[in-house]
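Below is one structure, written out as structure tokens; comments come after it.
Because the structure is a prediction, the values reported are computed rather than measured.
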Number of protein chains: 2
Amino acid sequence: MDLQNHPILFHIRKNITPTAEEELFFISLLNSLKLKQGEFAEKAGEVTYNFIHVTSGCLMTYYTDKDGNDQVIQFATSGWWTGDLHSLTRQQPSIYTTRALADSEILQLPKVRMEELLDRHPIFERYFRIMFQNSLVTHQNRIIEAFTATAEERYHNFQKKYPQLEQYVPLKYIASYLGITPEFLSKIRRKK
Amino acid sequence: MDLQNHPILFHIRKNITPTAEEELFFISLLNSLKLKQGEFAEKAGEVTYNFIHVTSGCLMTYYTDKDGNDQVIQFATSGWWTGDLHSLTRQQPSIYTTRALADSEILQLPKVRMEELLDRHPIFERYFRIMFQNSLVTHQNRIIEAFTATAEERYHNFQKKYPQLEQYVPLKYIASYLGITPEFLSKIRRKK
DNA sequence: TATTTTTCTTAACCTAGTTCAAGACACTTT
DNA sequence: AAAGTGTCTTGAACTAGGTTAAGAAAAATA
């Protein structure tokens, strides 16, 4: 896809109005990448620190605990940002893994380049501030949901939020996202 | 407390380096307020949209669902920001309530003034971007914890994270924060 | 000091969700 | 077509945590 005319620019222009030069600089920092289903964009333990924008397809970001259990943090469909904020903030290896659930196109913004961007063109601070602020609302809602809704309610909310995902995402990842076992998700499905 | 020399300025200077004029302007937007234990800083349904910085004491922010159940989202001790991001972002009445758990001193930054601040002095975008980014890490950890840890583990993590809170926060709010009933928290406590 | 109100604990019973183990279904690959 | 592999379902037994209701302790008020 042509980077000079990439959909991400339209998203940016909804929130801020950079100059042509600033846009060009931003674009120059990005790695454009195609992932096949199952491929990794970022692996836990590595020190890559990319911030990732999903152009098309779908990625998931998950955390693996000491017992080897995966906990899916989020699904990122087109137009979303994802990545390991934790390691982006501190100087530590990534604790999350980001992986393609379908053939996907992504843009990678490496940590150091993001810092470069924000130092040189502080106008982008606003863009990321708004993005983080919105993301925080989503996360707060997820916390409320986790504590107050039943597994069945969470499942129906998931279906509303990601209408087409269920068709190609293996059930075990959906179950993980919902915080239940695959077996129990199977039982919920049967009831319908 | 003297606003010109307020601890919040030291926190700001750790992240950005505003001019004296910018600092003064920021300070001029803040309402300084003392709350007695039990008093409200923000009530659900109202249209105040304050962003709140806790100078001393402790506040909690909670969500009340249609059945009248409270879900505590976070405790904010000194140095923290809190408030209703949801209504801060959209033009809707607040869905969260923020209340003092102990006598507290706070700074209120009304939504419209925050916008004014960011428009006039974009350097503060960076300050809030960093703040939201850090907050997001905290929220992500809480989601992982909610789904992977047992109630007992969450309780012990809570004790580590907020060492002195348990002494003056009513058990029902701690239970709510942990996503369990007060009765079950009582059972967990007995085991020790 | 007595009284009322709120907070916390205990116990008996109940349920949402887990664990384990067996099959069923859908795929590739041969 | 057979055989192998991964994904999904089903069921029986179990456990973490909820519900209800009663009482104990503590704090507020008279």
Side-chain angles (χ1 to χ4, degrees), chain A residues 36-40 58 60 62 65-72 75 99-103 142-159 162 164-192, chain B residues 36-40 58 60 62 65-72 75 99-103 142-159 162 164-192:
Chain A
K36 290 232 169 283
Q37 191 208 325
E39 286 181 342
F40 295 91
C58 179
M60 69 171 176
Y62 59 94
D65 69 15
K66 54 247 156 199
D67 305 329
N69 299 113
D70 292 343
Q71 174 59 49
V72 175
F75 298 115
R99 193 172 177 187
L101 285 167
D103 294 355
R142 195 139 180 250
I143 291 171
I144 293 174
E145 197 188 50
F147 285 135
T148 63
T150 63
E152 195 172 344
E153 288 164 343
R154 274 179 273 144
Y155 173 58
H156 294 316
N157 292 345
F158 161 81
Q159 289 180 313
Y162 301 102
Q164 70 304 44
L165 231 66
E166 208 172 349
Q167 287 146 32
Y168 61 87
V169 175
L171 161 143
K172 67 173 174 176
Y173 296 131
I174 298 174
S176 167
Y177 174 83
L178 297 173
I180 58 178
T181 58
E183 291 92 339
F184 192 61
L185 178 50
S186 215
K187 274 173 206 171
I188 292 174
R189 274 181 167 170
R190 184 179 13 160
K191 285 174 74 174
K192 282 223 312 193
Chain B
K36 290 231 169 282
Q37 190 211 322
E39 287 181 341
F40 295 91
C58 179
M60 68 171 178
Y62 59 95
D65 69 14
K66 52 247 158 200
D67 305 328
N69 299 113
D70 292 342
Q71 174 59 50
V72 175
F75 298 114
R99 194 172 177 188
L101 285 167
D103 295 355
R142 198 142 177 247
I143 290 171
I144 294 173
E145 197 189 49
F147 285 133
T148 62
T150 64
E152 194 170 346
E153 288 164 343
R154 275 179 271 144
Y155 174 57
H156 294 317
N157 292 347
F158 161 81
Q159 289 180 312
Y162 301 103
Q164 70 305 45
L165 231 66
E166 208 171 349
Q167 286 144 35
Y168 60 86
V169 176
L171 161 143
K172 66 173 174 177
Y173 296 130
I174 298 174
S176 167
Y177 175 84
L178 297 173
I180 58 177
T181 58
E183 292 89 342
F184 191 62
L185 177 51
S186 218
K187 263 185 216 172
I188 292 174
R189 273 181 169 171
R190 186 176 14 158
K191 285 173 77 174
K192 282 225 310 193

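An OP1 or OP2 oxygen of dT18(C) is reached within less than 4.0 angstrom by a side-chain nitrogen or oxygen of Thr181(A). In this structure, Arg189(A) does not reach the dC8(D) phosphate: none of its side-chain N or O atoms is under 4.0 Å from OP1 or OP2.
You'll find that the side chain of Leu171(A) is closest to dC8(D), out of dC8(C), dC8(D), dA16(D). Considering only side-chain atoms of Ile180(A), the nucleotide from dT18(C), dT19(D), dG17(D) that sits closest is dT18(C). Distances were taken from every side-chain heavy atom of Ala151(A) (C-beta onward) to each of dT19(D), dG17(C), dT18(C); the shortest belongs to dG17(C). In this structure, the nucleotide among dT10(C), dC8(D), dG18(D) sitting nearest to the side chain of Glu183(B) is dT10(C). The side chain of Lys187(A) has dG11(D) as its nearest neighbour among dG17(D), dG11(D), dT10(C). Comparing atom distances between the Thr150(A) side chain and each of dG17(C), dG17(D), dT9(C) picks out dG17(C) as nearest.
Spacing between atom CD of Gln37(B) and atom P of dA27(D) amounts to 12 Å, rounded to whole angstrom units. Distance Tyr173(A) OH to dG6(D) P: 12 Å, rounded to the nearest Å. Phe184(B) places its CZ atom 13 Å from the C1' atom of dA16(C), with the value rounded to the nearest Å. Following rounding to the nearest Å, Lys172(A) (NZ) and dT18(C) (C1') show an atom-to-atom distance of 18 Å. Residue Leu185(B) contributes atom CG, which lies 15 Å from atom C1' of dA16(D) at whole-angstrom precision. Here the C1' atom of nucleotide dA16(D) and the OH atom of Tyr155(B) are 18 Å apart, to the nearest Å. With rounding to whole Å, Asn69(B) atom CG is found 13 Å from dT19(D) atom C1'. We find that CZ of Arg190(B) is positioned 12 Å from C1' of dC8(C), with the value rounded to whole Å.
Between Asp103(A) and Gln37(A), the closest heavy-atom pair is OD1-N, 2.8 Å. Here the closest non-hydrogen pair linking Glu153(B) and Thr148(B) is OE1-O, 4.4 Å. Heavy atoms only, all atoms of each residue included: Phe75(B) and Val169(B) are closest at CE2-CG1, 4.2 Å. The two atoms that bring Leu178(A) and Leu185(A) nearest to each other are CD1-CD1, 4.2 Å, heavy atoms only. Minimum interatomic distance between Gly179(A) and Phe147(B) (heavy atoms only, all atoms of both residues): CA-CD2, 3.5 Å. Between Asp70(A) and Ser176(A), the closest heavy-atom pair is O-OG, 3.2 Å.
Between the two ends of the helix from dT1(C)-dA30(D) to dA26(C)-dT5(D), each summarised by a five-pair axis, the helix axis turns through 40° (rounded to 10 degrees).
Proximity of the aromatic rings of Phe158(B) and Tyr162(B) is defined here by a centroid distance below 6.0 angstrom, and this criterion is met.
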